[in-house]
Amino acid sequence: MDEFLARLRHFDIRIRKAVNSQMRGSFRSVFKGTGLEFADLRQYQYGDDVRAIDWNVSSKGHGTFVKVFREEKDQTVFFVVDVSASQQVGPHHRDKLKTTKEVCGVLALSAIHEASHVGLYCFSDQKEKYIKPGNGLKTGYQLIMSLFKLQPESGRTSIADALLFTLNSLKRRSVVILLSDFIDQSYEHNLKALAKKHDLVVIHLYDQREVNLPRLGIIPVYDTETGQTVWVNTSSVSFRSSLRNTFRQNQLRLERLCKQYNANYLALDSQEDFVPKLVDLFRIRRK
């Protein structure tokens, strides 16, 4: 645990230095979403921004009304983390799940520093861990410790169920950070609903073996989620091409979906240094 926390602090310091030097602004805005929430309606006055007019209310014929917003003082940052068996692909010292925990941990540290409420939902095809959003260092470090110690009970995946749980749990607009390898189906509808209701950040973890499998000839491949073993010819040109195309098509579909519904999308190789890409993500969100 001490080593895990030390790594998180190291990443956190690197990110803060890069953000402060490159963006010359408040790191807080990364976790503040739009920074505004709807407060009230009032009648239109000369000089008001026409973009603030509520046309639905104004169309009732009682006058022209504009929306009044106030700054959000407390933003909730909610992490939705895939801990299913497919996340355990990669070298033992650094598989996808370990990288996922590190990315989630360092973002949680950053959110704690900015006095945001933080919460966590870890999922497979069931609820593995849920921490209700709360503020303060105690909640933040409880989240990080639970994430580090977590041993999933199930190996299967249901992203759709996890997104539905999140939709039902969060009553106000929040920053939702979804971390998964997205090796699943039929979750698109719930992802759209979540992106419409919340400020969604999608972090897509993958391993190079899912894109470029080593040429090892005919070998048995064990599916950790189904428990089945299949024999594949890793030297086959058509098999290797099919593997790459399937991964790329899934990635493009997810990326297009995020762009369509104004969600941030970030793809991370589990073996790469993720700090530069997180800094780029923060820069985009700040703009």
Side-chain angles (χ1 to χ4, degrees), residues 4 7-8 11-12 15 77-111 120-125 128-129 143-144 146-148 150-152 154-163 166 175-185 187-188 190-191 194-195 200-213 223-225 243-244 246-259 263-282 284-285:
F4 182 66
R7 285 179 62 80
L8 295 189
F11 291 137
D12 187 46
I15 288 174
V77 182
F78 193 72
F79 297 92
V80 184
V81 184
D82 182 354
V83 295
S84 62
S86 65
Q87 285 275 68
Q88 297 172 18
V89 172
H92 178 70
H93 69 280
R94 191 173 176 78
D95 58 19
K96 285 189 292 183
L97 185 56
K98 285 186 173 65
T99 302
T100 297
K101 288 182 176 182
E102 287 185 354
V103 174
C104 180
V106 74
L107 291 177
L109 268 183
S110 301
L120 172 72
Y121 181 70
C122 295
F123 70 93
S124 51
D125 62 343
E128 297 287 352
K129 185 69 180 180
L143 184 155
I144 291 170
S146 298
L147 190 64
F148 173 75
L150 183 65
Q151 296 295 328
S154 174
R156 295 179 178 271
T157 312
S158 178
I159 297 175
D161 287 349
L163 299 181
T166 304
V175 177
V176 177
I177 301 179
L178 172 61
L179 301 102
S180 175
D181 57 11
F182 294 93
I183 301 178
D184 196 14
Q185 297 178 339
Y187 60 82
E188 289 83 1
N190 288 356
L191 187 73
L194 191 67
L200 180 62
V201 179
V202 171
I203 300 181
H204 180 189
L205 276 296
Y206 67 93
D207 186 87
Q208 278 298 322
R209 300 177 208 200
E210 298 166 338
V211 187
N212 297 303
L213 198 65
D223 188 327
T224 53
E225 295 205 10
L243 191 70
R244 284 193 299 272
T246 299
F247 172 83
R248 186 58 181 156
Q249 288 169 10
N250 289 339
Q251 183 183 31
L252 287 173
R253 185 174 67 251
L254 178 60
E255 191 172 3
R256 281 196 297 266
L257 190 65
C258 291
K259 185 176 182 179
N264 294 115
Y265 173 83
L266 176 63
L268 285 180
D269 183 337
S270 60
Q271 304 305 307
E272 71 178 328
D273 178 6
F274 56 77
V275 170
K277 286 195 172 182
L278 287 183
V279 171
D280 287 340
L281 173 66
F282 292 167
I284 291 170
R285 285 178 58 76

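None of these values were measured; they are calculated from a predicted model. What you see below is based on every heavy atom in this structure, not just the backbone, and it leaves out hydrogens, waters and symmetry mates.
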J.: Quick check for you: to the nearest 0.5 Å, what is the distance between Ile183 atom CD1 and Phe247 atom CZ?
T.: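 Answer rounded to 0.5 Å: 8.5 Å.
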J.: Quick check for you: to the nearest 0.5 Å, what is the distance between Asn264 atom CG and Phe282 atom CZ?
T.: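 The distance works out to 10.5 Å.
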J.: Are side-chain heavy atoms of Arg253 and Leu257 found at a separation under 4.5 Å?
T.: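 They are not in side-chain contact.
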J.: Do any N or O atoms from the side chain of Lys101 and from the backbone of Ile144 form a donor-acceptor pair under 3.5 angstrom?
T.: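 The answer is no, because no donor-acceptor pair under 3.5 Å joins these two groups.
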J.: Could you work out, with side-chain hydrogen bond (donor to acceptor under 3.5 Å, both in side chains) as the rule, every residue matching Arg209, not counting sequence neighbours?
T.: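 Expected list: none.
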J.: Test your reading of the model: is there a side-chain donor-acceptor pair from Lys129 to the backbone of Cys122, 3.5 Å cut-off?
T.: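 No: the side chain of Lys129 does not pair with the backbone of Cys122.
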J.: Distance alone, cut at 3.5 Å: any donor-acceptor contact between the side chains of Asp95 and Gln87?
T.: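 Short answer, no.
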J.: Between OG1 of Thr99 and CG of Asp181, what distance do you get to the nearest 0.5 Å?
T.: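 Reported to 0.5 Å precision, the distance equals 12.0 Å.
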J.: Of the non-hydrogen atoms in Ser124 and Val83, which two are nearest, and what is the gap between them?
T.: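 For Ser124 versus Val83, the nearest heavy atoms are N-CG2, 4.5 Å.
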J.: State, to 0.1 Å, how close Asn190 and Ala160 come at their nearest heavy-atom pair, and which atoms those are.
T.: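 Reported closest heavy-atom pair: ND2-O, 2.8 Å.
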J.: When you compare the side chain of Ile203 with that of Phe274, does any pair of heavy atoms fall below 4.5 Å?
T.: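 Not touching, per the 4.5 Å side-chain cut-off.
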J.: Without swapping roles, check the side chain of Glu128 against the backbone of Ser154 for a donor-acceptor pair under 3.5 Å.
T.: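 Answer holds: yes.
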J.: Between Arg156 and Ser84, what is the shortest heavy-atom contact and its length?
T.: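 So the minimum-distance heavy-atom pair works out to O-CB, 3.3 Å.
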J.: Between Leu178 and Leu191, is any pair of side-chain heavy atoms under 4.5 Å apart?
T.: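 With C-beta onward as the side chain, the pair touches.
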J.: Under a 4.0 Å threshold between the charged nitrogen and the carboxylate oxygen, would Asp207 count as salt-bridged to Lys96?
T.: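 Looking at Asp207 together with Lys96, the answer is no, because their closest N to O distance does not fall below 4.0 Å.
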J.: Using atom types as modelled and distance alone, determine if a side-chain donor or acceptor of Asn250 lies under 3.5 Å from a backbone N or O of Thr246.
T.: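 Yes: the side chain of Asn250 pairs with the backbone of Thr246.
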J.: Give the minimum heavy-atom separation between Val211 and Tyr206, together with the two atoms involved.
T.: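 Minimum heavy-atom contact is CG2-CD1, 4.1 Å.
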J.: Do Val106 and Glu102 pass the side chain to side chain contact (heavy atoms under 4.5 Å, CB included) test, and can you show the C-alpha distance, the side-chain angles, and the key distance before you say yes or no?
T.: CA-CA 6 Å; Val106 74; Glu102 287 185 354; over 6 Å; no
J.: Is any side-chain heavy atom of Val89 closer than 4.5 Å to one of Glu210?
T.: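 When only atoms from C-beta onward are counted, Val89 and Glu210 do touch, with a gap below 4.5 Å.
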J.: With heavy-atom distances below 4.5 Å as the criterion, would you say the side chains of Val81 and Leu120 are in contact?
T.: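 Counting from C-beta outward, Val81 and Leu120 do come under 4.5 Å.
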J.: Under 3.5 Å, side chain of Asp184 to main-chain N/O of Ile159, donor-acceptor pair present?
T.: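 Yes, the answer is positive, given that a donor and an acceptor are paired below the 3.5 Å cut-off.
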J.: Do you know the tightest heavy-atom contact between Asp125 and Asp161?
T.: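 Of all heavy-atom pairs spanning Asp125 and Asp161, the closest is O-OD2, 4.5 Å.
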J.: Say whether, by atom type as modelled, one donor and one acceptor occur between the side chain of Arg94 and the main chain of Ser270 under 3.5 angstrom.
T.: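 Side chain of Arg94 to backbone of Ser270: a pair is present.
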J.: Is Glu272 atom CD crowded by more than 12 heavy atoms from other residues, nucleotides or ligands, each under 6.0 Å away?
T.: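 Enclosed.
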J.: State, with a plain yes or no, whether a side-chain heavy atom of Phe79 is found less than 4.5 Å away from one of Val77.
T.: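 Yes. Closest side-chain heavy atoms under 4.5 Å.
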J.: Decide yes or no for Val201 and Leu266: does some side-chain heavy atom of the first lie under 4.5 Å from some side-chain heavy atom of the second?
T.: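 Counting from C-beta outward, Val201 and Leu266 never come under 4.5 Å.
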J.: To the nearest 0.5 Å, how far apart are NZ in Lys259 and CG in Leu254?
T.: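 Lys259 NZ to Leu254 CG: 14.0 Å, rounded to 0.5 Å.
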J.: Looking at Tyr121 versus Phe78, is the centre-to-centre ring distance below 6.0 Å?
T.: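 Ring centres of Phe78 and Tyr121 not closer than 6.0 Å.
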J.: Is the shortest side-chain heavy-atom distance between Gln251 and Tyr265 below 4.5 Å?
T.: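 Gln251 reaches Tyr265 side chain to side chain.
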J.: State whether the side chain of Asp82 and the backbone N or O of Leu179 hold a donor-acceptor pair below 3.5 Å, judged by distance alone.
T.: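 Not confirmed, Asp82 side chain does not pair with Leu179 backbone.
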J.: Any idea how Phe182 and His204 line up, ring-wise: parallel (<30°), tilted (30 to 60°), or perpendicular (>60°)?
T.: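 Ring orientation, 0 to 90° scale: perpendicular.
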J.: Distance from Arg248 atom CZ to Leu243 atom CG, nearest 0.5 Å?
T.: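 Arg248 CZ to Leu243 CG: 14.0 Å, rounded to 0.5 Å.
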